[in-house]
Participant: 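Here it is: the structure, laid out below.
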Amino acid sequence: MTFQNLGLTTDLLRAVAEQGYSEPTPIQQQAIPAILQRRDILASAQTGTGKTAGFTLPLLQRLSTTKPNQGHRTPRALILTPTRELAAQVSDSVKTYGKYLPLQSAVIYGGVGIIPQIKTLRRGVDIIVATPGRLLDHLRQKTLDLSQIEILVLDECDRMLDMGFIHDMRKILAVLPASRQTLMFSATFSKAIQQLANTLLKSPTLIEVAPRNTAAEQVTQIIHPVNRDRKQELLAYMISFHNWKQVLVFTRTKHGASRLAEQLTKDGLKTTAIHGNKTQAARTRALSDFKQGKVRVLVATDIASRGIDIDHLPYVVNFDLPDVPEDYVHRIGRTGRAGNEGRAVSLVCRDEYPLLRSIERLLKRTITEDVIAGYEPTASDQAQSDQPNRKRSHQPRSQRAKPQTQAKSTRSKNNSAGARPGKRLRTA
Ligand code: AMP
């Protein structure tokens, strides 16, 4: 299967060839022909599967090969994303794949000035990539006309619902023409997603590709049991000992992300944090510094990390396990992309074992455990006060998971993230 077989025009094939893609990914093979045939689609696909090109390429082709209804440039395609980072990345893809086409696009999200966006919209655009909140601001201010939208894409729809955007989405949907083509992408299919799909889509083509976690045998997953209060020390040690050059670290809270970034910086590791309390400019700069290798460790919360797309990202560390098991899948999907090897390391303390079990149930497998000598968990391991949602506080002690023992680790000692230190290591 080639991109030519999918019926793409030469301008698009040229842009794709420049990206070095030799063949379409499974989702592209299924989505591109269906979208070109003007079908609605409901696609279960996560980041890393090539879904962005899967909807962007046929969308560009549809717009470039058909005439707009109106003489002047009015937006004809709208792509909604849950986060600013994802909007920026999708917008980059639109520009990259559409570079040989006479189409204009604009990215619209909050956290930055609205005036430049209004000026761009006034000049006329064909494609809008936006987060729901700021898009609504433009609609209220009447700086945007969505009455000519022919194609609507809802990217990472499950995440938009998780983030509470459903009301904003409904307000936006209400001003779109009913005759449009709608493309819905979601990593998971909850009842809410299915209900939304039922109301929005007309005889959709269903597309399912294997989720990253089952497809990506390239991602080696490992658990290091450790006391909560020694996680930071262990992480600093592992980064230095294995000489990891580019590590994405996940924490559950914004506060935890900032604090960890400060501590790692004190340990001499160039670290920065991205989370919802940072300005958009700070988040963009942090991501760009990390991509360019100016910063070695990027600490992120789940929401801030959505859409982070870094080619060849070798290491992802779960400093805390996420509350929602699906987030684990999203997190580890940041590594091991496009055939590259990746390693997902989780530092798990005693009270996180119920979370680990839920993740393993979702994955339908157990994750290899490896106790690092010198960091063996002890019975005194305690949760800390910046973990407001900890499930342990609702659990009788008798039902809590037991701390890991060395004995369990022996089954997997050859799967460690590298050579294991034989002695207790420095304190940070
Ligand atoms: P996405 O799932 O859209 O976030 O894409 C994940 C990564 O796959 C991005 O870095 C794309 O540049 C890359 N990609 C998309 N399509 C292909 C393809 N056909 N061959 C190789 N890499 C691709």
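Every number for a ligand or one of its atoms is a count from 1 in the order of the listing. Nothing here was measured: the structure is a model prediction, and the numbers come from that model. One is the number of the first residue; the rest follow in order along the sequence.
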Participant: Using a strict 4.0 Å cut-off to heavy atoms of Thr52, name the atoms of ligand 1 that fall inside it.
Facilitator: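 Those qualifying, in numeric order: 1 (P), 3 (O), 4 (O).
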
Participant: Below 3.5 Å, N or O to N or O, backbone or side chain included: is there any such pair between Phe3 and ligand 1?
Facilitator: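 No, no N or O pair falls under 3.5 Å.
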
Participant: Find all atoms of ligand 1 within a distance of less than 4.0 Å from any non-hydrogen atom belonging to Glu23, and give their numbers and elements.
Facilitator: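 In order of numbering, the contacting atoms are 18 (C), 19 (N), 20 (N).
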
Participant: Using distance alone, with no hydrogens and no angle criterion, decide if Gln181 and Arg62 have a side-chain donor and acceptor under 3.5 Å apart.
Facilitator: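 The criterion, which ignores hydrogens and geometry beyond distance, is satisfied for Arg62 and Gln181.
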
Participant: I want to know if ligand 1 touches Tyr21 in the polar sense, i.e. an N/O pair below 3.5 angstrom.
Facilitator: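 Among all N and O atoms of Tyr21, at least one is under 3.5 Å from an N or O of ligand 1.
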
Participant: So for ligand 1, is Gln28 a polar contact partner (N or O within less than 3.5 Å, distance only)?
Facilitator: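 Yes, there is a polar N/O contact under 3.5 Å.
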
Participant: Answer with yes or no whether the side chains of Ser147 and Asp145 bring together a donor and an acceptor at under 3.5 Å.
Facilitator: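 Present: a donor and an acceptor within the cut-off.
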
Participant: Checking side-chain polar atoms at under 3.5 Å, does Thr66 have a donor or acceptor matched by the opposite partner on Arg76?
Facilitator: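 The answer is yes; a qualifying pair exists.
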
Participant: Okay, side chain of Arg159, backbone of Thr83: is any donor-acceptor separation there less than 3.5 Å?
Facilitator: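 Looks like no, no N/O pair under 3.5 Å.
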
Participant: Do Arg252 and Glu352 meet the salt-bridge criterion of a basic N to acidic O distance under 4.0 Å?
Facilitator: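 Looking at Arg252 together with Glu352, the answer is no, because their closest N to O distance does not fall below 4.0 Å.
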
Participant: I'd like to check which ligand 1 atoms, numbered from 1 as shown, lie under 4.0 Å from a non-hydrogen atom of Thr25.
Facilitator: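 That gives atoms 17 (C), 18 (C), 19 (N) of ligand 1.
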
Participant: What I want to find out is whether Arg357 reaches Glu360 closely enough, with some N-O distance under 4.0 Å, to be called a salt bridge.
Facilitator: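 Between Glu360 and Arg357 there is a salt bridge, with a charged N closer than 4.0 Å to a carboxylate O.
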
Participant: Could you list the atoms of ligand 1 found under 4.0 angstrom from a heavy atom of Lys51?
Facilitator: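 Contacts of ligand 1 toward Lys51, numbered from 1: 1 (P), 2 (O), 3 (O).
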
